[in-house]
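Just so it is clear: chains get the letters A, B, ... in the order the sequence lines come, proteins before strands, and each one is counted from 1. All values reported here derive from a predicted model rather than from experimental measurement.
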Number of protein chains: 2
Amino acid sequence: MVLSPRKLPKQGRARATCDAILEAAAHIIARSGLAAFNTNAVAERAGVSIGSLYQYFPNKDALMVALIQRQQQGQLDTLMAAAATIDPAADLQTVVRALVRAAMQHHRTDDLLATAIDHEEARLPVDDLIGHYLDQGGMLVAALLANFQDQIGPVEPQVAARTLPALVRAVTDAWANLTPPQLDTAEDEAVKAVLGYLR
Amino acid sequence: MVLSPRKLPKQGRARATCDAILEAAAHIIARSGLAAFNTNAVAERAGVSIGSLYQYFPNKDALMVALIQRQQQGQLDTLMAAAATIDPAADLQTVVRALVRAAMQHHRTDDLLATAIDHEEARLPVDDLIGHYLDQGGMLVAALLANFQDQIGPVEPQVAARTLPALVRAVTDAWANLTPPQLDTAEDEAVKAVLGYLR
DNA sequence: AGGTGATGTGAGCAATTATTCATATACTGC
DNA sequence: GCAGTATATGAATAATTGCTCACATCACCT
């Protein structure tokens with residue numbers, strides 16, 4: 001099965017169409033889950049015809065793969081933006097808190113989408129595609145933590161890139177699902193869990 | 001939408017039919033993911049007719065709900081079995097390791113199934129159904145950790161029941177997805193993460 | 001202006017799938 | 001054996017859905 005895009009948009013409106021399709025797909029999954037994710041619904045929500053969708057994505061799985069890439073890119077962007085604001089003189093706990101806040105942001109706004117994407121990543125052959133993003137994120141985190149080698153164990157970039165986001169989400173979910181949600185506490189707990197894991 | 005079972009089996013063979021249906025559903029999701037989970041395939045794999053399936057489950061979602069209950073019960077059973085073997089004189093790390101091993105078992109054998117069920121739990125209104133299991137698991141863990149109040153912070157049973165399994169899976173996934181999988185390391189790392197979170 | 005390729009359309013086909021129902025078989029108590 | 005109930009069957013149906021294709025419209029170039 002071909003999972004790469006069918007054709008690349010060359011004009012501005014075509015790029016807008018692609019964006020609208022991906023945005024619609026993300027919205028549908030975030031609101032109604034994987035079961036509601038079908039190509040006709042995506043096209044309708046995007047305000048384009050079903051034919052336009054298949055101009056750019058050869059099949060449904062290819063659309064899902066593009067969505068996974070988009071999500072990974074978004075997480076990496078958020079992480080890099082957070083890293084850029086970190087004071088070079090900050091202590092370990094402050095750095096970790098900034099990273100946790102960045103990781104929490106995506107899962108708090110689109111939890112169903114994040115869970116669905118995890119599931120689809122396991123089903124589709126996208127290891128090569130997401131490896132790029134994981135590597136970049138891992139190196140960034142490792143670099144940020146390199147100053148604290150006396151306080152924490154060695155940080156494997158490849159492992160940190162996978163473990164830390166998952167760890168944050170685990171703790172976040174636990175507190176966000178309570179009634180009422182206690183999101184401030186979630187951040188504190190996630191910081192504690194990450195620090196506990198690193199040491 | 002009605003999600004409770006349509007009728008309860010009264011004869012032995014009917015109970016066997018129900019079990020076969022649930023077993024088939026779990027097998028299909030574990031092997032091929034949510035996309036391959038449809039009622040016709042479940043009935044065929046279970047070796048019963050599609051009509052029999054609808055004798056006991058009014059619709060597909062009801063079958064999913066029953067599967068969720070089955071999974072929760074299985075996890076609780078595993079946890080209780082592990083708790084029963086814990087030496088009352090064991091130290092904190094030993095207790096945590098036993099709990100981690102119990103939590104890892106299910107996700108290692110049926111990772112795709114566990115992920116899919118997480119996703120469906122978020123979509124279906126099953127809070128009341130799974131709350132029972134979470135409460136029991138949380139109380140059990142809280143009781144096991146009550147002896148160590150001097151070493152760890154206060155343990156809220158409701159939170160522990162949600163956080164700890166998720167935490168374990170987060171770390172497990174990070175190490176199991178490597179090539180080659182390092183499952184022994186995964187257990188060590190999960191123990192470290194849990195201890196770090198508790199303290 | 002007009003030609004050419006890029007982009008957009010949506011009815012509709014083929015395949016899949018959730019669900020029903022009329023019928024058949026198995027069990028249980030008498 | 002018989003009546004009554006529980007259980008099992010699977011072809012058929014209605015709805016959904018992935019995807020195609022013949023055609024229309026748009027944007028850019030000379």
Side-chain angles (χ1 to χ4, degrees), chain A residues 1-29 31-68 116 120 123-124, chain B residues 1-25 27-29 31-67 116 120 123-124:
Chain A
M1 166 118 51
V2 180
L3 296 177
S4 50
R6 170 166 288 169
K7 85 164 57 159
L8 295 178
K10 295 187 176 180
Q11 300 175 0
R13 59 180 178 144
R15 227 164 296 128
T17 299
C18 273
D19 287 349
I21 290 169
L22 288 171
E23 176 62 33
H27 183 269
I28 287 173
I29 295 177
R31 292 264 295 217
S32 310
L34 271 182
F37 171 56
N38 64 72
T39 53
N40 292 290
V42 169
E44 188 182 10
R45 162 98 206 163
V48 304
S49 72
I50 180 65
S52 289
L53 189 155
Y54 280 93
Q55 291 256 333
Y56 300 102
F57 305 98
N59 51 61
K60 190 185 176 186
D61 279 347
L63 174 56
M64 189 70 223
V65 168
L67 203 58
I68 290 172
E120 294 292 280
R123 183 179 65 85
L124 296 168
Chain B
M1 166 116 53
V2 180
L3 296 178
S4 50
R6 171 166 286 169
K7 85 165 57 161
L8 294 179
K10 295 186 175 179
Q11 300 176 1
R13 60 181 177 138
R15 226 163 297 128
T17 298
C18 274
D19 287 348
I21 290 169
L22 288 171
E23 177 61 31
H27 183 268
I28 286 173
I29 295 177
R31 292 265 296 217
S32 310
L34 270 184
F37 170 56
N38 64 74
T39 54
N40 291 289
V42 169
E44 187 183 9
R45 162 100 205 162
V48 305
S49 72
I50 182 62
S52 290
L53 189 155
Y54 280 93
Q55 290 255 333
Y56 301 103
F57 306 98
N59 51 61
K60 191 185 176 185
D61 279 347
L63 174 57
M64 190 71 225
V65 168
L67 203 60
E120 294 292 281
R123 185 180 63 86
L124 296 169

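Among pairs with a residue in residues 52-61 of chain A, those fulfilling salt bridge (Lys or Arg N to Asp or Glu O under 4.0 Å) read A:Asp61-A:Arg123, at least two apart in sequence or across chains.
Using a 4.0 Å cutoff on non-hydrogen atoms, the parts of residues 55-62 of chain A near DNA chain D are A:Asn59, A:Lys60, ordered by number. Across residues 20-29 of chain A, not one residue has a non-hydrogen atom less than 4.0 Å from an atom of DNA chain D. Within residues 32-48 of chain A, the residues that have a heavy atom under 4.0 Å from DNA chain C are, in order of number, A:Val48.
Scanning for side-chain hydrogen bond (donor to acceptor under 3.5 Å, both in side chains) contacts around B:Arg13 gives B:Gln11, with sequence neighbours left out. Contacts of B:Arg6 classified as side-chain hydrogen bond (donor to acceptor under 3.5 Å, both in side chains), with partners at least two apart in sequence or in another chain: none. B:Glu44 meets the salt bridge (Lys or Arg N to Asp or Glu O under 4.0 Å) test with no other residue; sequence neighbours excluded. Scored by the side chain to side chain contact (heavy atoms under 4.5 Å, CB included) test, B:Thr17 finds B:Ile21, B:Val48, B:Ser52, B:Tyr56 as partners (sequence neighbours excluded).
Nucleotides of DNA chain D lying under 4.0 Å from heavy atoms of chain B occupy a range whose first and last members, 5' to 3', are D:dA6 to D:dA11. On the nucleic acid side, DNA chain C has its first and last nucleotide under 4.0 Å of a heavy atom of chain A at C:dA6 to C:dA11, going 5' to 3'.
Over its length, the helix from C:dA1-D:dT30 to C:dC30-D:dG1 turns its helix axis by 20°, as judged from the five terminal pairs at each end, rounded to 10°.
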Sequence neighbours left out, cut at 3.5 Å: what donor-acceptor pairs do the side chains of residues 33-40 of chain B make with other protein atoms?
residue : atom : partner : partner atom : Å
B:Asn38 : OD1  : B:Asn40 : N            : 3.3
B:Asn38 : OD1  : B:Ala41 : N            : 2.8

